[in-house]
Amino acid sequence: LDFGRPSSRLAAALLVLAAAIISPNIDLPGSLPIIRLDQLGLLVFLVPLVLYLKRHPEARHIGLVDFGFGALIVAITLTILLSPFLIKGLSRSPKDAVELMRPVLFWLMYRLARTCDPTDRTAFGGLGLLWVVSIPIGVFALAQTLGPSGFNTTVTSLWAVGHNLDGVVRGGRAVGTMANADAFSLLAVAFAMAGLWSVLLRVRLDGWRRYALVGGFGMAVLDIVFAQSRGAVVAALGALVLGVIVVAVSRRPTRWLVSGLMFVVCVSLSL
């Protein structure tokens, strides 16, 4: 919990990321929303994170990604506030607050990751680990889609509950270890984008990392197909658009123009 040490910040970020990937959906009684291990992990590390940001002003730098999260939070808030006036018979629900908290939690995960030092050990070593993790998760999703009928009942039910499990059993949508088809597909998009950017930036990956890139990227693409998530496909296209904009104008003195275009795209995707 001492975020003054780089190793502590890295360990915290990896623990939260691992919990986000493998955590089951914990069903609470009554109408209470589900909880996940990564949410509990963020609560544990929230105080050390705030103290670290307070002691290090340079770590409080707000960038374009933060504005993207802000645009998403504003869009969800407006949707929750205006929906009852636009749709007859629709009323407010306690789960509305949960929907609003989700992008806040994702933003906190991003800020926690930003505290890690961008060294070769954390960046390039972490990329290899990312693709290694992608392979067994993809195999699990393949078993959910093509495996025997009893597999999802006995194994997938440990992760997914309610309509998410029904989507696997009846709709054939893979949820992987994320217990939600859309969230699982977005994770696969992140794996795939990490592979594309590694090739684009000519990251030197030797030995097992090279094979992990090929296997992990292939599994990530299959996961996107297995999950059948339209939202994840839109997110992937948006990520590619942002990447093209950055590459196209990165060598020209148009930094503010690039930032403005990327912000407009982020707001458009959020809405």
Query raised in the report: Hey, does Leu142 have a side-chain heavy atom less than 4.5 Å from the side chain of Leu222?
Result: no
**Report entry** Thr177 side chain vs Ile21 backbone, donor-acceptor pair below 3.5 Å
**Finding:** yes
Report task. Show the numbers, then the answer: is there a side-chain contact (heavy atoms from CB on, under 4.5 Å) between Leu108 and Phe45? Result -> CA-CA 10 Å; Leu108 288 174; Phe45 296 125; over 6 Å; no
Requested in this report: Tell me, please, which residues at least two apart from Arg173 pass side chain to side chain donor-acceptor pair (under 3.5 Å).
Outcome: Asp182
Query raised in the report: Do other residues, nucleotides or ligands put more than 12 heavy atoms under 6.0 Å from the CZ atom of Phe106?
Result: no
Query - Heavy-atom donor-acceptor pair, Gln144 side chain to Asn152 backbone, under 3.5 Å - result: no
Report task. Determine, using the 4.5 Å side-chain heavy-atom cutoff (strictly less than), whether Phe3 and Leu42 are members of one ILVMFWY cluster. Result -> yes
Query raised in the report: Taking all non-hydrogen atoms of both residues, which atom of Asp223 and which atom of Ala141 are closest, and how far apart?
Result: OD1-CB, 3.7 Å
Query raised in the report: Short question: side chain of Ser185, backbone of Ala181 - any donor-acceptor pair under 3.5 Å?
Result: no
Query raised in the report: Side-chain heavy atoms under 4.5 angstrom apart, residues restricted to Ile, Leu, Val, Met, Phe, Trp, Tyr: same cluster for Val233 and Val225?
Result: no
**Report entry** Distance in Å, Ile87 CD1 paired with Leu82 CG, rounded so as to fall on 0.5 Å steps
**Finding:** 10.5 Å
**Report entry** Positive for side-chain contact (heavy atoms from CB on, under 4.5 Å) with Pro103, one of Thr77, Val74, Ile76
**Finding:** Ile76
**Report entry** Common cluster, Val214/Val221, ILVMFWY with side-chain heavy-atom separation under 4.5 Å
**Finding:** no
Report summary line: Those residues at least two apart in sequence (or on a different chain) that pass ring-ring contact (aromatic ring centres under 6.0 Å, His included) with Tyr52 are His56
Report task. Is it possible for you to say whether Leu51 and Val16 belong to one hydrophobic cluster, with membership spreading through side-chain heavy-atom contacts below 4.5 Å? Result -> no
Query raised in the report: Between Arg114 and Ala59, is there a donor-acceptor pair closer than 3.5 Å when you use the side chain of the first and the backbone of the second?
Result: no
Query - side-chain hydrogen bond (donor to acceptor under 3.5 Å, both in side chains): pairs with one or both residues in residues 64-73, sequence neighbours excluded - result: Asp66-Trp107, Asp66-Arg111
Query raised in the report: Of Leu46, Val47, Leu53, which meets side-chain contact (heavy atoms from CB on, under 4.5 Å) against Val50?
Result: Leu46
Requested in this report: Determine the minimum heavy-atom distance between Ala227 and Phe184, stating which atoms define it.
Outcome: CB-CD2, 4.1 Å
Query raised in the report: So, the side chain of Arg9 versus the backbone of Cys116: is there a donor-acceptor pair under 3.5 Å, distance only?
Result: no
**Report entry** Contact summary for Met219 and Ser134, nearest pair of heavy atoms
**Finding:** CB-O, 3.9 Å
**Report entry** Leu105 vs Gln39, side-chain contact (heavy atoms from CB on, under 4.5 Å): CA-CA, chis, key distance, verdict
**Finding:** CA-CA 7 Å; Leu105 291 173; Gln39 298 170 353; 3.7 Å; yes
Query raised in the report: Could you state the interatomic distance from CZ (Phe191) to CG (Leu213), rounded to the nearest 0.5 Å?
Result: 12.5 Å
Query - Closest contact, heavy atoms only, Ala188 versus Ile224 - result: CB-CG1, 3.7 Å
Query raised in the report: Is there a path from Leu72 to Leu100 through hydrophobic residues (I, L, V, M, F, W, Y) whose side chains come within less than 4.5 Å of each other?
Result: yes
Query raised in the report: CG/Leu112 to CG/Leu14 distance, rounded to the nearest 0.5 angstrom?
Result: 9.5 Å
Requested in this report: Give, for atom OG1 of Thr145 and atom CZ of Phe140, the distance between the pair rounded to the nearest 0.5 Å.
Outcome: 10.5 Å
**Report entry** Leu187 side, atom CG; Ser229 side, atom OG - distance, nearest 0.5 Å
**Finding:** 12.0 Å
Requested in this report: Could you tell me which non-hydrogen atom of Lys54 sits nearest to which non-hydrogen atom of Arg60, and how far apart they are?
Outcome: O-NH1, 3.3 Å
